[in-house]
Number of protein chains: 2
Amino acid sequence: MKLNTKSRYAVMALADMSKFPLNNPVSLRDISLRQSISLLYLEQIFFRLKKNDIVKSVRGTNGGYVLKRDPKNIKLSEIFKALDQRVKTVGCKKESKKGCNGKSAKCITHELWDELEIYINNFFENKKLSDLLSTEERIN
Amino acid sequence: MKLNTKSRYAVMALADMSKFPLNNPVSLRDISLRQSISLLYLEQIFFRLKKNDIVKSVRGTNGGYVLKRDPKNIKLSEIFKALDQRVKTVGCKKESKKGCNGKSAKCITHELWDELEIYINNFFENKKLSDLLSTEERIN
DNA sequence: AAATACTTGACTATTTTAGTCGGGTATATA
DNA sequence: TATATACCCGACTAAAATAGTCAAGTATTT
């Protein structure tokens, strides 16, 4: 069970942006250098963040990305959703509605995975981007 | 973020076993048929469960596996541990001790992943095999 | 003896992940 | 208005992880 780099980098990059004045565009190039994340990969990530209304872009010289909302109002769950990251128990659920292929035995653990999914989503639902920021400021 | 089949099947198989009289060996062949899991794959899984003292084996005709403890005393966290399944944030932590490669900026999110890891492990730590069983019995 | 069932390492196909490439378009500034 | 900067975005690929199989056993019961 592991987190992929896409969502991990997304959170890192957005946390990085949050440290700067909010309406000031931050270029991916700068984030790339500061966070040691490939620029090309960041572009891919921000394409999705933009599509999901988390950031907006400013083109041209001195352009970059700007957070669409205050970090206080950006839940980590939104970021994960933007990158198609969710908890999956795999199998079991997708192929059927109720009894998992009709074989009732197959679903002994069905409720468990549902519960886990809700539990984890809950973690991200209750975390804001601003929560990371204050942690960071405490450290430095 | 997803659960792998190994730990998923392990939980399913053990829950299946729990439904039978405890000192009665249950053969992998039967579990395989009931839960639609490949026998060869189950063998691999039970090899690890055995090494981790969760089940013991009874060889020969009418043999099979037996739970080493009462399902009330088997935590899901043990099962996951037996299969090397754990939450990983990947990168960030392994390569360094404190400042993540010395670049302090790289670790804006470090504490977050630690917290998540603890949070999820907590879920499994508080679930017993017997919890699944009663759920199952409620359903059927 | 024969059948059943566990033992265990090695192997392989498939899928997923991480990350790159390429060929754009838009905008600010000199 | 030329040029550099920075976003745009689909397609691609190498590497790693996962899922599952194979093979060649050994132990026990009936």
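To find a chain, count down the sequence lines: A is the first, B the second, and so on, and within it residues start at 1. Excluded from the calculations below are hydrogen atoms, water molecules and symmetry mates; all remaining heavy atoms, backbone and side chain alike, are included.
Whole-Å rounding puts the B:Asp30 CG to C:dT4 C1' distance at 11 Å. Put simply, CZ on B:Phe46 is 12 Å from C1' on C:dC6, counting in whole angstrom units. Between the NZ atom of B:Lys6 and the P atom of D:dT21 there is a distance of 12 Å, given to the nearest Å. Going from atom NZ of A:Lys56 over to atom C1' of D:dC8 covers 18 Å, rounded to whole Å. If you measure from atom CD1 of A:Ile31 to atom C1' of D:dC7, you get 12 Å, rounded to the nearest angstrom. Atom CG of B:Leu83 and atom C1' of D:dA17 are 15 Å apart (whole Å). Rounded to an integer number of Å, the gap from CE of A:Met1 to C1' of C:dT16 is 16 Å. In this structure, B:Arg48 places its CZ atom 14 Å from C1' of C:dT7, rounding to the nearest Å.
When distances are taken from the side chain of B:Ser27 to each of C:dA5, D:dA6, C:dA18, the shortest belongs to C:dA5.
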Could you list all N or O pairs between the protein and nucleotides 9-16 of chain D that sit under 3.5 Å apart?
unit_1 : atom_1 : unit_2  : atom_2 : d
D:dC9  : N4     : A:Glu43 : OE1    : 3.2

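Between B:Tyr9 and D:dG20 there is a side-chain polar atom (N or O) within less than 4.0 angstrom of OP1 or OP2. At least one side-chain nitrogen or oxygen of B:Asn62 sits closer than 4.0 Å to the OP1 or OP2 atom of D:dT30. Between A:Ser38 and C:dT20 there is a side-chain polar atom (N or O) within less than 4.0 angstrom of OP1 or OP2.
Closest heavy-atom contact between B:Leu83 and B:Lys6: CD1-O, 3.5 Å. Here the shortest heavy-atom pairing between A:Leu42 and A:Leu28 reads CD1-O, 3.7 Å.
Between A:Arg8 atom CZ and B:Met1 atom CE the span is 11.5 Å, to the nearest 0.5 Å.
In this structure, A:Tyr65 reaches the sugar-phosphate backbone alone: every heavy-atom distance under 4.0 Å involves primed, P, OP1 or OP2 atoms, never a base.
Ring pair B:Phe46/B:Tyr65 is tilted by interplanar angle, where 30° to 60° counts as tilted. Using a 30° and 60° split on the angle between ring planes, B:Tyr119 and A:Tyr119 fall in the parallel class, below 30°. Using bins of under 30°, 30° to 60° and over 60° for the plane-to-plane angle, the ring pair A:Phe80/B:Trp113 lands in the perpendicular bin.
Across the interface with DNA chain C, nearest-nucleotide mapping of A:Thr61 and B:Leu39 shows B:Leu39 to be the residue nearer the 5′ end. Nearest-nucleotide positions on DNA chain C for A:Val58 and B:Ser57 put B:Ser57 closer to the 5' end.
Residue pairs meeting the ring-ring contact (aromatic ring centres under 6.0 Å, His included) criterion with at least one member in residues 19-38 of chain B, sequence neighbours excluded, do not occur.
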